[in-house]
Amino acid sequence: MLPGSVIRFPVRISGDERGTSDMAADYTNLEQIRLEKIEELRAEGIEPYPHRVERTHTSVEAIQAFEAVEGDEQAAVVQATLAGRLRSMRPMGKIIFAHIEDGDGRIQLFFRANDIGEERISLFNRAFDLGDYIQASGKMFRTRAGEASLWVESFRMLAKAVTPLPAAKDEVVDGEVIQHATLADPETRYRQRYADLAVNAEVRKIFRKRAAIVRALHQFMNDHSFLEVETPILQPIYGGAAAQPFVTHHNQLKQDLYLRISFELYLKRLLVGGFERVYEIGRDFRNEGVSFKHNPEFTQLEFYWAYADYNQVMDLTEQMLAFVADQVIGQRSFTYQGHEINLNPPWERVELRQRLAEVTGIDIHEHATAQSLAAAMKAKEMEVKPGATRGKLIDALIGNHLEPNLIQPTFLYNYPRDISPLAKSMPGDPQVVERFEGFLGGMEICNAFTELNDPLDQEARFLEMGRDYADDDEERHPMDEDYLRALRYGMPPNGGFGMGIDRLTMLFTDQRSIREVILFPHLRSRE
RNA sequence: GGCCCCGUAGCUCAACUGGCAGAGCAGUUGACUCUUAAUCAAUUGGUUACAGGUUCGAGUCCUGUCGGGGUCACCA
């Protein structure tokens, strides 16, 4: 908070004032009761939000330490101070069983009036609620029911929760927490992700796995001598992909800027500068519709590899995903939406033209123009968007007829030139470029090509885009003069690669919606 | 943006063709010294997303708005 800035304190509303102020929180009955408990604690000289914690063990550490010496008469008892959030309470008169949850897991606490006095038992029952953070000290032991637990000698409040967690009850069976009537409404789960995470352990698992995936990718790239770099998110000219950008504005410079739609053009400038292998993992922003596989901001890995071509990039892609699988799930195969997917190299490699002919009966080689291809598609009763370029028609064929059925790892290669303005043409066939896309689980997850490093050809491609795309087509690539200047200094032959990390995470976590693998997915604002 | 579905207690869900808005869990009160979805008894809690309309009567039917989900378009 900056000095001098205005801080607005929420005001507690009661009685007739309820609902008349737009500034204060509106407390529910349940919250009112807990606010009263806070006052009660303070009245008894207990601070409900103390500064310091004296944790000695996490839940898992305490149980492990206990089990290591359990049954050994000579060994010292395990004394532990634990901290965590109250997740269950089972008071039985003058004893209480409760579970707290910490970052590692759950552990049971056992309170007995004989040890801590009826006063403390009563305080716990009166003023402590599910969701509160507490600290408890005592000795580890095993209950008659067989659960390693903490026999509490003292406890204190660490942070009182005002709002109850949106969960009813949990059951632990064989170490797995089974949720009974927990927070399920997707809207609330995404808008209040903190509550979702607090209550749904399997959601936390998804994001741990996501972190493991990103970690594995960093490790793989670093191990293969790729230099991690950071390039601008705010760009005066956007490029590197066919997408609409977000526009923002720099006040002092009086300049409009775009949020990047890809890293490509900046990373390739670095190859001009002499780095041979560079990569970046970061956020792209695309001003487009949202869907189960599109979020306005998403995470990508891009790398550029000097002296390699798209065939070598295909090989590296196979190794990379096998490595990620090994690191993250310890095996090469996993289930995605009921399909068994195996990431063992090699992937199926099939030429785009051949697979399109097999599936649709249309040989794109026989249709050199958009008109001809559109006619062939119409003859098969396929929908054809008026004004689409040949490349866009082919793209539609891929999306509608190939992609959904590409469940097992598959590379489609050799793409039409006009939707690949940054890829190098095939020797002897200028209408086809050395480009491939990788598919998994019916989704495209990566895109790569032998990068175009001929500055004159690149300039021609930019001009082609300008000619073939209508002035108001927002996907039209703007001419990037500075990028062309960079290419004129000479860029080594190289293979480039881009992969969506969100979609990869969907696959590894068996999630159908991208919102399940993004902590705070974009939602329309309320009102 | 088009079309379809949805929005009821803190959470999960009921409420037949329009007829007194309910349950489980959570909460509150009480009982209970090895429970673990603890149990038992009692009990609080609602502008049925919002704004209109039709009707003697609307959670239910109609119109609009807001939000979500799905799908198509767009798009990786």
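Chain naming here is simple, since letters A, B, ... match the order of the sequence lines and numbering starts at 1 in each. Not measured: the values here are computed from a predicted model.
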If you look only at pairs with a residue in residues 431-443 of chain A, which of them pass as a side chain to side chain donor-acceptor pair (under 3.5 Å), with sequence neighbours excluded? A:Tyr415-A:Glu437, A:Ser420-A:Arg435, A:Glu434-A:Thr450, A:Arg435-A:Glu437, A:Arg435-A:Asn447

Kindly point out which of [options] is positioned nearest to the side chain of [X]?
X        : options             : answer
A:Arg515 : B:G70, B:G68, B:U35 : B:G70
A:Asp129 : B:U28, B:C74, B:C11 : B:U28
A:Leu30  : B:U36, B:C34, B:A26 : B:A26
A:Lys392 : B:G27, B:C75, B:U36 : B:C75
A:Phe292 : B:G45, B:G70, B:G27 : B:G70
A:Arg512 : B:G70, B:G68, B:C75 : B:G70
A:Met92  : B:C75, B:G27, B:C32 : B:C32
A:Pro186 : B:C34, B:G69, B:U33 : B:G69

In terms of the nearest nucleotide of RNA chain B, which residue is placed more toward the 5' end: A:Ser291 or A:Ser149? A:Ser149

Assign each of A:Asn125 and A:Arg144 to its nearest nucleotide of RNA chain B by heavy atoms, then name whichever residue's nucleotide is nearer the 5' end. A:Asn125

CZ (A:Arg349) and CG (A:Asn414) are apart, to the nearest 0.5 Å, by 12.0 Å

Out of curiosity, A:Tyr279 OH to A:Glu302 CD, how far, rounded to the nearest 0.5 Å? 13.5 Å

Inter-nucleotide [atom1] distance ([N], [M]), Å rounded:
N     : M     : atom1 : value
B:U48 : B:G59 : P     : 7 Å
B:A37 : B:C3  : C1'   : 42 Å
B:U43 : B:C34 : C1'   : 29 Å
B:G22 : B:C62 : C1'   : 27 Å
B:G18 : B:G57 : P     : 15 Å
B:U29 : B:U17 : C1'   : 43 Å
B:G10 : B:C16 : C1'   : 30 Å
B:U36 : B:A42 : C1'   : 25 Å

Could you tell me whether [X] and [Y] have a side-chain N and a carboxylate O separated by less than 4.0 Å?
X        : Y        : value
A:Glu297 : A:Arg283 : yes
A:Asp418 : A:Arg461 : no
A:Glu153 : A:Arg112 : no

For [X] and [N], give me the distance from atom [atom1] to atom [atom2], rounded to whole Å.
X        : N     : atom1 : atom2 : answer
A:Phe111 : B:U36 : CZ    : C1'   : 14 Å
A:Arg112 : B:U35 : CZ    : C1'   : 15 Å
A:Arg106 : B:U36 : CZ    : C1'   : 11 Å
A:Gln192 : B:G68 : CD    : C1'   : 14 Å
A:Phe97  : B:C32 : CZ    : P     : 16 Å
A:Glu40  : B:U28 : CD    : P     : 11 Å
A:Arg524 : B:U65 : CZ    : C1'   : 12 Å

Categorize [X] for me: base, sugar-phosphate, or nothing, with a 4.0 angstrom heavy-atom threshold over every strand shown.
X        : result
A:Ala184 : sugar-phosphate
A:Lys293 : nothing
A:Glu147 : base
A:Leu523 : sugar-phosphate
A:Thr143 : base
A:Arg189 : nothing
A:Arg34  : nothing

At less than 3.5 Å, do the side-chain atoms of A:Asp185 and the base atoms of B:U12 form a donor-acceptor pair? no

For B:U35, does the base pair up with any side-chain atom of A:Gln108 as donor and acceptor (N or O, under 3.5 Å, distance only)? yes

Stem segments of RNA chain B by first residue number [Watson-Crick or G-U, under 3.5 Å, at least 3]: B:1-7 with B:66-72, B:10-13 with B:22-25, B:27-31 with B:39-43, B:49-53 with B:61-65

Is the distance from the ring center of A:Phe508 to that of A:Phe334 below 6.0 Å? yes

Flag side-chain contact, heavy atom, 4.5 Å: A:Arg512 against A:Gln337: yes

Pairwise side-chain contact, A:Ile96 with A:Phe110, heavy-atom cut-off 4.5 Å (strictly under): no

At less than 4.0 Å, is any side-chain N or O atom of A:Arg90 found next to OP1 or OP2 of B:U39? Yes or no. no

Tell me whether the NZ or CZ atom of A:Arg120 lies within the 45° cone about the ring axis of A:Phe155 and under 6.0 Å from its centre. yes

